[in-house]
Amino acid sequence: MSFNINSEQFYHGDCFDAYRYLGAFVTENGTLFRTYAPKAKSIAVIGEFSKWEEVPMKRMKDWNFWEVEIEDAKPGQMYKLRIEGADGRKIDHCDPYGRRMELRPAHASIICRDNTFTFTDEEWMNNRKVRMRSALNIYEMHMGSWKKKSDVKEDWYNYEELAPMIIPYLKENGYNYIEVMPLSEHPSDESWGYLNTGFYAVTARYGTPEQLKYFINECHKNGIGIIMDFVPVHFAVDDYALWHFDGTPLYEYEDPSAGISQWGSNNFNLGKGEVRSFLNSNANYWLNEFHFDGLRMDAISNLIYWQGNKDRGENQGALEFIRNLNSGLKARHPSALLIAEDSSDYQGVTKPVFSGGLGFDYKWDLGWMNDTLKYFSLPGFYRNGAPGLLDFSMLYFYSENFILPFSHDEVVHGKATILQKMDGDYESKWPQARALYLYMYCHPGKKLNFMGNEIGQLREWDESREQDWDMLTYPKHDEFHRYMMSLNKLYLNTPALFYYDYDPQGFEWKATSSQPCTFAFERRSDKQRVLAVFNFSGQDIPEFTVDEYAVSKITEIMNSNVFGGDPEPTIKKGKKKGDKDVIKMSLKAYSGRLFEITERKFREPKKETAETKTKATASKKAPAKKTTAKKTAAKKASTKE
């Protein structure tokens with residue numbers, strides 16, 4: 001297997017296929033091992049095939065790369081790279097480009113064959129799209145804690161076993177995409193995969209690369225897209241991984257003030273071309289080899305600004321990296337979704353790179369999430385003076401392509417679950433949560449909801465335990481779950497709620513009767529109009545009015561008050577086109593109602609043309625002639641008599 005990597009691309013950070021040349025490759029004669037370690041004094045491969053004795057590697061190409069082919073090395077066997085670094089230390093490392101690893105705390109890489117799984121998802125891949133004008137309803141999940149085989153911490157289902165359980169659940173519940181938290185290898189369960197050691201290795205917790213490919217293939221065959229969280233910002237500090245890989249800070253910064261993140265991890269030195277090529281190739285690897293439908297990139301604000309701190313200024317090397325990464329991925333995978341988790345107010349995150357942006361398709365709207373949850377945590381009295389927490393989002397919304405997220409970050413570490421965040425006692429939390437979600441699904445932007453939120457979870461998420469599915473035996477949880485299922489399916493089948501998400505013509509605030517904690521707005525597509533009305537106060541409103549235009553009929557299609565009993569609205573219609581129609585309705589406390597509007601057609605006055613003027617003149621003269629003829633006939637009759 002010849003080593004024909006493009007060195008110029010690799011060193012300039014433009015390489016997207018380094019994984020095809022670096023790592024372990026099964027050959028006709030055994031296994032070929034290659035790695036990049038320019039400052040290492042010596043490197044040997046150790047493994048099961050050599051009874052863990054050293055097999056020296058030799059420098060090659062420009063002397064920055066190392067290689068050896070070992071005849072006895074077979075697929076499934078474990079290996080490590082024993083590196084004598086420039087600092088004189090000798091450390092056993094996992095392979096940075098290795099495709100498989102042992103389950104933690106062990107960390108050997110594992111030889112595996114490529115292309116052992118055949119995808120059958122051509123129809124999905126050929127018709128996949130970015131979904132700007134389509135519904136995008138994402139179910140965020142952690143593979144190890146959605147469901148477990150038992151209460152034992154490590155008794156996980158593998159990817160193949162999960163497929164027949166999660167796919168029917170997603171379809172029944174009305175989600176068309178899932179987003180999985182990182183599946184690259186990581187040493188600590190508590191990091192949830194955001195601190196990696198094996199960037200190319202599918203985590204052994206849930207099975208093999210082939211089993212993950214099977215899972216993705218089955219999702220696609222059932223019309224479900226799958227996005228994976230990708231971490232291009234930092235890596236774990238374990239010395240067997242990337243840290244001081246060749247005895248120098250090869251992947252990280254030399255200066256700790258830039259190199260150590262707020263999480264205690266190592267920041268990637270994105271000013272280096274070989275580091276960029278490592279990450280470019282890693283992102284392309286997941287999209288190309290596993291058919292993931294997109295990447296949600298974590299902590300992008302830490303790429304934009306040094307240490308994520310705006311006061312420290314922009315990190316120009318990292319900005320150049322992310323623009324180049326997104327451009328390269330889009331050139332190779334135009335229909336893949338590139339999503340930024342960015343807490344900053346940096347402008348142009350979702351603008352194309354050629355327009356000066358960062359090139360993402362979507363960005364999480366963390367401002368909307370924070371403001372909305374803060375509003376619903378307020379007692380009713382304080383909500384009266386805080387309408388800006390809800391209506392502020394539309395002042396900036398069209399600056400980016402936003403996704404509205406209620407993610408895992410909002411239901412951990414003492415933050416309480418979504419249901420618990422609602423103000424008031426246990427009974428009043430349920431109607432508020434239903435109204436909250438109706439508001440979310442009517443608001444412009446694609447949707448993301450973390451597992452457990454849909455059943456009204458009352459316990460914060462814990463990666464070591466499965467979701468509290470037994471809660472569904474309780475009427476209130478079952479009722480809430482059924483409500484969420486109905487809302488999800490309504491969203492998927494209501495074009496007005498997604499077609500013009502990122503176009504101002506798809507949204508309009510409506511004038512209403514001035515009552516506190518009430519909101520009304522219209523959503524539109526080319527062929528549909530819907531009116532969303534909300535009462536977030538704790539008091540019933542017997543008569544609430546909304547001004548609309550051209551309403552022939554108004555039909556309720558969703559009501560967060562699942563107990564019903566709300567009378568149909570009445571319409572006082574304007575007399576002519578342009579006049580306001582006044583819609584009157586009642587609103588229960590903590591409720592929302594969604595209506596589809598049948599538009600009233602107005603008769604347009606006919607335009608007068610030269611031809612119509614001639615006909616009109618002729619028609620006026622004709623009756624006069626007819627009258628004269630009648631008079632003449634009458635005179636003759638009189639004479640005869």
Side-chain angles (χ1 to χ4, degrees), residues 13 130 138 140 179-182 184 191-196 199 227-235 251-253 258-263 265-271 275-276 278-280 282-284 286-287 292 294-330 333 336-353 355-370 396-397 399-405 407-410 445-446 448:
V130 178
I138 305 169
E140 186 192 22
E179 180 182 314
V180 291
M181 295 165 75
S184 43
S191 80
W192 312 328
Y194 293 100
L195 288 175
N196 295 157
F199 278 76
I227 302 160
M228 188 177 81
D229 281 6
F230 177 68
V231 189
V233 178
H234 57 157
F235 57 91
Y251 288 92
E252 65 268 41
Y253 292 98
I260 305 299
S261 75
Q262 64 262 48
W263 303 286
S265 54
N266 289 306
N267 288 327
F268 278 110
N269 183 350
L270 297 171
V275 175
R276 296 185 192 184
F278 173 82
L279 291 168
N280 292 346
N282 189 215
N284 185 43
W286 294 113
L287 296 176
F292 276 104
L295 300 173
R296 175 268 197 186
M297 302 193 200
D298 187 57
I300 293 301
S301 60
N302 282 59
L303 294 182
I304 296 172
Y305 302 109
W306 289 99
Q307 300 288 43
N309 185 346
K310 193 173 183 178
D311 294 335
R312 294 187 64 170
E314 295 179 2
N315 184 337
Q316 294 301 325
L319 286 170
E320 184 180 340
F321 156 72
I322 203 67
R323 291 188 180 107
N324 187 60
L325 171 65
N326 287 342
S327 295
L329 293 177
K330 276 297 173 184
H333 312 281
L337 307 182
L338 302 180
I339 303 170
E341 189 267 327
D342 172 29
S343 58
S344 76
D345 60 357
Y346 186 84
Q347 297 298 300
V349 172
T350 58
K351 285 184 179 178
V353 172
S355 297
L358 297 187
F360 287 97
D361 296 303
Y362 296 102
K363 172 181 173 175
W364 278 16
D365 193 346
L366 298 175
W368 173 88
M369 177 274 299
N370 282 315
Y396 66 81
F397 187 81
S399 64
E400 304 282 3
N401 300 328
F402 284 115
I403 290 175
L404 310 183
S407 74
H408 66 275
D409 277 329
E410 310 321 313
K446 310 309 180 186
L448 179 141

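We use all heavy atoms of the structure for the numbers below, so side chains are in, but hydrogens, waters and symmetry mates are not. For reference, positions follow the sequence shown, starting with 1. These numbers come from a predicted model, not from an experiment.
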Given the side-chain rings of Phe199 and Phe278, with only the six-membered ring counted for Trp, is the space between their centroids under 6.0 Å? yes
Quick one: closest heavy-atom pair of [X] and [Y], and the distance?
{"X": "Phe292", "Y": "Val180", "answer": "CE2-CG2, 4.2 Å"}
{"X": "Ile322", "Y": "Leu303", "answer": "CD1-CD1, 3.8 Å"}
{"X": "Pro232", "Y": "Phe268", "answer": "O-CD1, 3.6 Å"}
{"X": "Ala340", "Y": "Val349", "answer": "CB-CG1, 3.8 Å"}
{"X": "Gln347", "Y": "Ser399", "answer": "OE1-CB, 4.1 Å"}
{"X": "Ser261", "Y": "Asn267", "answer": "CB-OD1, 3.3 Å"}

Taking His234 as the fixed residue, which of Tyr194, Tyr251, Trp263 is the one that meets the ring-ring contact (aromatic ring centres under 6.0 Å, His included) rule? Trp263
What verdict does the side chain to side chain contact (heavy atoms under 4.5 Å, CB included) test give for Phe321 and Val275, after you've listed the backbone C-alpha separation in whole Å, the side-chain angles of each residue and the deciding distance to 0.1 Å? CA-CA 10 Å; Phe321 156 72; Val275 175; over 6 Å; no
The criterion is ring-ring contact (aromatic ring centres under 6.0 Å, His included); which residues satisfy it with Trp306, sequence neighbours excluded? Tyr253
Hey, are the side chains of Val130 and Lys330 touching, using non-hydrogen atoms and a 4.5 Å cut-off?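 Val130 reaches Lys330 side chain to side chain.
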Sequence neighbours excluded - salt bridge (charged side-chain N to carboxylate O under 4.0 Å, His left out) pairs with any residue from residues 300-312: Lys310-Asp345
When rounded to the nearest 0.5 angstrom, what is the spacing between [atom1] in [X] and [atom2] in [Y]?
{"X": "Leu337", "Y": "Leu287", "atom1": "CG", "atom2": "CG", "value": "9.5 Å"}
{"X": "Trp368", "Y": "Phe397", "atom1": "CH2", "atom2": "CZ", "value": "10.0 Å"}
{"X": "Asp361", "Y": "Glu400", "atom1": "CG", "atom2": "CD", "value": "12.0 Å"}

Does the [X] side chain pair with the main chain of [Y], one donor and one acceptor, at a distance under 3.5 Å?
{"X": "Glu179", "Y": "Ile227", "result": "no"}
{"X": "Glu140", "Y": "His408", "result": "yes"}
{"X": "Glu314", "Y": "Ile304", "result": "no"}
{"X": "Asn324", "Y": "Gly13", "result": "yes"}
{"X": "Asp298", "Y": "Val231", "result": "no"}
{"X": "Arg296", "Y": "Asp229", "result": "no"}

Sequence neighbours left out, what passes side-chain contact (heavy atoms from CB on, under 4.5 Å) with Asn284? Give chain and number order. Phe16, Tyr19, Asn288, Leu329, Arg332, His333
Taking 4.0 angstrom as the limit, do Asp365 and Lys363 come out as a salt bridge? no
Heavy-atom count around Lys351 NZ within 6.0 Å, excluding the residue itself: above 12?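 No.
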Which of these, Ile339, Ile300, Asn401, sits in a side-chain contact (heavy atoms from CB on, under 4.5 Å) with Phe360? Ile300
